[in-house]
Amino acid sequence: MYNEEKDKSEFTEETNVEDNKSTTVKKTVKSGITFGSALAMVISYTTWKSVGWAIFHGLLSWVYVIYFLLRY
């Protein structure tokens, strides 16, 4: 009986560690997406001086940033 309780607590610890990793990954991806959008909008606006293009390129996010780095 003691071993069963110990096994359950070990499983609970593993689950909590996995949940924490998942939460960390989600937060990192979310901040990466917002940073990519902001960076794309700043690059676009300084290059083209157009709010419309800045919004469009912000939606493309990292795709536009990488394109800009390769192209210019």
Side-chain angles (χ1 to χ4, degrees):
M1 183 161 181
Y2 176 72
N3 286 337
E4 288 179 20
E5 290 177 12
K6 186 176 178 183
D7 289 341
K8 287 180 183 177
S9 66
E10 288 177 6
F11 179 72
T12 303
E13 283 183 26
E14 285 182 20
T15 304
N16 289 339
V17 170
E18 290 300 319
D19 289 343
N20 288 341
K21 286 181 183 178
S22 177
T23 302
T24 302
V25 169
K26 287 178 185 176
K27 287 180 182 178
T28 303
V29 168
K30 185 175 180 180
S31 64
I33 291 171
T34 56
F35 178 73
S37 295
L39 183 59
M41 287 189 279
V42 169
I43 291 170
S44 177
Y45 187 77
T46 56
T47 304
W48 305 111
K49 305 289 190 244
S50 169
V51 174
W53 279 117
I55 292 170
F56 176 70
H57 293 141
L59 293 173
L60 295 177
S61 187
W62 286 108
V63 174
Y64 179 72
V65 172
I66 293 169
Y67 166 77
F68 184 83
L69 289 174
L70 294 174
R71 178 80 171 145
Y72 299 100

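Here, residue 1 is the first one in the sequence, and each next residue gets the next number. Every value quoted in this text rests on a predicted model; they were computed, and no experiment measured them.
- Partners of Trp62 under the side chain to side chain contact (heavy atoms under 4.5 Å, CB included) rule, at least two apart in sequence or in another chain, are Phe35, Leu39, Val65.
- Heavy-atom minimum distance, Ser61 versus Ser37: OG-N, 3.3 Å.
- For the side chain to side chain donor-acceptor pair (under 3.5 Å) condition, the pairs that include at least one residue of residues 51-60, sequence neighbours left out, are Ser44-His57.
- Qualifying ring-ring contact (aromatic ring centres under 6.0 Å, His included) partners for Tyr67, counting only residues two or more places apart in sequence or in other chains: none.
- Leu60 and Met41 are not part of a single hydrophobic cluster, where members link through side-chain heavy atoms under 4.5 Å apart.
- Contacts of Trp48 classified as side chain to side chain donor-acceptor pair (under 3.5 Å), with partners at least two apart in sequence or in another chain: Tyr64.
- The cluster map of Ile, Leu, Val, Met, Phe, Trp and Tyr, joined by side-chain heavy atoms under 4.5 Å apart, puts Tyr72 and Leu69 in the same cluster.
- The hydrophobic cluster containing Tyr45, built from Ile/Leu/Val/Met/Phe/Trp/Tyr side-chain heavy atoms closer than 4.5 Å, also comprises Val51, Ile55.
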